[in-house]
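Computed from heavy atoms alone, side chains included, the values below leave out hydrogens, waters and symmetry copies. All values reported here derive from a predicted model rather than from experimental measurement.
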Amino acid sequence: MNAAIRELTETPTSNQILQKILDTAREAVIVVDANMCIAHCNVPAAVAFGRDDLDLETRRLSEVIRDLDLHEAFRKAVERQLSSDVRLELNREGNRKFDVHVAPIELDGDSFGIGFFYETTQVDRLETVRQEFLSNISHELRTPLTSILAFVETLEDGGIDDKENNLRFLDVIRRNAERMHHLIADILALSLIESGNVTVDIREVRLNAAVQDVLTALSAKARDREVELKNAVPDSAIVFADPVRLEQMLTNLVDNAIKFNRHGGKVNVAFDTAGGRDSISVTDTGEGILPEHSQRIFERFYRADRARSREIGGTGLGLAIVKHLARLHGGEVFVNSTLGSGTTFRIELPSSS
């Protein structure tokens with residue numbers, strides 16, 4: 001008799017078996033009874049839907065998740081034994097999104113509904129980024145391509161014999177082709193960096209010489225805009241970086257400083273070291289950047305002044321490349337800007353000292 005009682009008490013019930021299964025699931029799972037109260041849930045569900053230390057079990061579903069479609073799905077599962085799929089969005093905590101499958105389940109002779117919550121927040125964000133990226137790419141390629149086609153048609157329609165303008169037309173075609181080339185090159189570079197297929201060969205670099213090479217390469221562009229370039233880096237300054245990637249970062253920053261400067265403005269490249277970090281700064285005397293733009297300036301294709309950016313050229317990827325390359329070095333890039341006074345971009349790298 002005692003053995004029979006012991007066997008009965010040790011035999012797990014359907015509810016106990018279910019709870020053990022739920023506790024092994026990675027997705028959030030909730031079981032709702034006929035009164036639309038939560039009978040069981042696992043830890044991922046408690047983390048996803050609990051708030052203010054709310055114990056989910058025994059609570060009404062409406063207290064925990066306020067969504068009519070979800071409630072109806074559970075009701076159909078309990079009362080009509082029907083499965084259904086719903087889309088759930090929680091506006092709190094960063095607008096989390098779930099695909100939910102709700103199905104009927106019987107436990108110890110009673111009807112319940114069980115819901116499996118597959119979070120898609122990150123996937124949806126990546127899809128949004130992908131769509132924005134493709135949209136930006138399409139736009140950035142379409143603009144120069146339209147110009148190229150228009151001038152080619154002009155040349156075909158007799159413009160080739162117009163000695164006063166044919167070379168100007170060809171120059172426009174060349175410049176737009178170069179713009180497309182630079183865009184594709186930057187896309188490939190950024191893609192390689194973000195995919196982790198770019199490594200850095202850290203070595204000792206004499207910063208003054210590296211900066212001077214960049215300023216010399218961009219001197220013609222600076223003269224066209226009457227911008228003065230100054231290398232304020234001490235001759236003795238040494239940094240540890242990949243020489244090629246450091247030149248790429250400096251070129252992007254100085255090029256931007258020239259393009260967005262005033263005519264007759266200045267660009268100053270300086271060096272400092274403090275707190276175990278080497279700091280390379282590129283300062284311009286342009287119009288500055290609004291605070292709301294400063295937070296997003298390193299995003300792909302983000303432009304504080306779209307109209308001016310398209311007028312003076314650029315791919316909208318340069319600062320994103322600088323950010324990723326700085327992080328590959330174990331460093332970071334920062335921006336500080338004052339409206340009407342100019343902007344300073346600062347690359348911080350682990351100190352060479």
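The shortest heavy-atom contact between Leu319 and Phe298 is O-CD2, 3.5 Å. When all heavy atoms of Asn95 and Glu89 are compared, the pair lying nearest together is OD1-OE1, 3.9 Å. Nearest heavy-atom pair across Ala241 and Val205 is O-CG2, 3.5 Å. The shortest non-hydrogen separation linking Thr216 to Ser219 is O-OG, 2.8 Å. Between Ile347 and Ala326, the closest heavy-atom pair is CG2-CB, 4.4 Å. Taking each heavy atom of Ile280 and Leu246 in turn, the nearest pair found is CD1-CD1, 3.9 Å.
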Check against side chain to side chain donor-acceptor pair (under 3.5 Å), Arg87 and Thr120 | CA-CA 10 Å; Arg87 181 74 169 159; Thr120 62; 2.7 Å; yes

Take Ser281 and Asp272 through the side chain to side chain donor-acceptor pair (under 3.5 Å) test and state the conclusion after the steps.
-> CA-CA 8 Å; Ser281 61; Asp272 191 15; over 6 Å; no

Just do the side-chain contact (heavy atoms from CB on, under 4.5 Å) check on Val102 and Val100 with the steps written out, would you?
-> CA-CA 6 Å; Val102 181; Val100 188; 3.8 Å; yes

In sequence, state the C-alpha distance, the side-chain angles, and the governing distance for Phe345 and Val254, and then conclude on side-chain contact (heavy atoms from CB on, under 4.5 Å).
-> CA-CA 9 Å; Phe345 285 92; Val254 174; over 6 Å; no

Given the rule in the side chain to side chain donor-acceptor pair (under 3.5 Å) test, do Ser147 and Asn176 qualify, once you have shown the distances and angles that lead to the verdict?
-> CA-CA 7 Å; Ser147 182; Asn176 279 281; 3.3 Å; yes

Check the pair Glu287, Phe260 against side-chain contact (heavy atoms from CB on, under 4.5 Å), reporting the backbone distance first and the verdict last.
-> CA-CA 8 Å; Glu287 297 296 333; Phe260 294 98; over 6 Å; no

Does the pair Ile30 and Val32 meet the rule for a side-chain contact (heavy atoms from CB on, under 4.5 Å), with working shown?
-> CA-CA 7 Å; Ile30 287 178; Val32 172; 3.8 Å; yes

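Separation of atoms CG (Leu107) and CG (Asp33) is listed at 10.5 Å; rounding is to 0.5 Å. If you take CG on Leu328 and CE on Met249, they are separated by 9.0 Å, rounding to the nearest 0.5 Å. Glu27 CD to Phe116 CZ: the interatomic distance, rounded to the nearest 0.5 Å, is 9.0 Å. Here NZ of Lys230 is found 12.0 Å from CG of Leu215. Values are rounded to the nearest 0.5 Å. Atom-to-atom distance recorded for Leu149:CG and Glu153:CD is 6.5 Å, nearest 0.5 angstrom. The line from CZ of Phe49 to CG of Leu88 is 6.0 Å long, rounded to the nearest 0.5 Å.
In this structure a side-chain-to-backbone donor-acceptor pair under 3.5 Å is missing from Asp278 to Val239. Here the side chain of Asp110 pairs no donor or acceptor atom with the backbone of Glu106 at under 3.5 angstrom. With Ser83 contributing its side chain and Ala77 its backbone, the two residues share no donor-acceptor pair below 3.5 Å. Looking only at distances, no side-chain donor or acceptor of Thr121 sits under 3.5 Å from a matching main-chain atom of Arg96. Side chain of His263 to backbone of Val227: no donor-acceptor contact under 3.5 angstrom is found. Side-chain atoms of Thr273 come within 3.5 Å of backbone atoms of Arg277 as a donor-acceptor pair (strictly under, hydrogens ignored). Remark: side-chain polar atoms of Arg225 are not paired, donor with acceptor, to backbone N or O of Arg262 under 3.5 angstrom. Side chain of Arg60 to backbone of Asn35: a donor-acceptor contact under 3.5 angstrom is found. Under a 3.5 Å cut-off, the side chain of His71 and the backbone N or O of Ile65 do form a donor-acceptor pair. In terms of modelled atom types and a separation under 3.5 Å, the side chain of Asp284 and the main chain of Gly286 share a donor-acceptor contact.
Crowding of Leu68 atom CG: a count of heavy atoms from other residues, nucleotides or ligands under 6.0 Å not exceeding 12.
Ion pairing of Asp242 with Arg203 is absent here, as no side-chain N (NZ or NE/NH1/NH2) approaches a carboxylate O to less than 4.0 Å. The pair Arg245-Glu247 does not count as a salt bridge, with every side-chain nitrogen at least 4.0 angstrom from each carboxylate oxygen. The pair Arg174-Asp171 counts as a salt bridge, with a side-chain nitrogen and a carboxylate oxygen less than 4.0 angstrom apart. Ion pairing of Lys97 with Glu119 is absent here, as no side-chain N (NZ or NE/NH1/NH2) approaches a carboxylate O to less than 4.0 Å.
With contacts defined as side-chain heavy-atom distances shorter than 4.5 Å, the pair Thr285/Asn268 does not qualify. Val282 is listed as a side-chain neighbour of Val267, based on a closest heavy-atom distance under 4.5 Å. At least one side-chain heavy atom of Phe271 sits less than 4.5 Å from a side-chain heavy atom of Pro234. Leu22 places a side-chain heavy atom less than 4.5 Å from the side chain of Ile114. Within the 4.5 Å cutoff, the side chain of Ile160 has no heavy atoms near those of the Thr154 side chain. Here the side chains of Asn208 and Asn231 are in contact, with some heavy-atom distance below 4.5 Å. Side chains of Ile148 and Met180 form a contact here, defined as non-hydrogen atoms less than 4.5 Å apart. Between Cys41 and Glu57 the shortest side-chain heavy-atom distance falls below 4.5 Å.
Residues Leu82 and Val86 are members of separate hydrophobic clusters, defined by side-chain heavy-atom contacts under 4.5 angstrom among Ile, Leu, Val, Met, Phe, Trp and Tyr. Phe334 and Ile289 are members of different hydrophobic clusters when ILVMFWY side chains are connected at heavy-atom separations under 4.5 Å. Taking hydrophobic clusters as Ile, Leu, Val, Met, Phe, Trp and Tyr residues chained together by side-chain heavy-atom distances below 4.5 Å, Leu145 shares a cluster with Val172. Taken together through direct or relayed side-chain contacts under 4.5 Å among Ile, Leu, Val, Met, Phe, Trp and Tyr, Leu167 and Ile173 form part of one hydrophobic cluster.
With sequence neighbours left out, Glu79 forms a salt bridge (charged side-chain N to carboxylate O under 4.0 Å, His left out) with Arg75.
Remark: the Asn336 side chain and the Thr343 side chain contain no N/O donor-acceptor pair separated by less than 3.5 Å.
Below 30°, between 30° and 60°, or above 60°: for Phe98 and Phe117 the angle between ring planes is above 60°, a perpendicular geometry.
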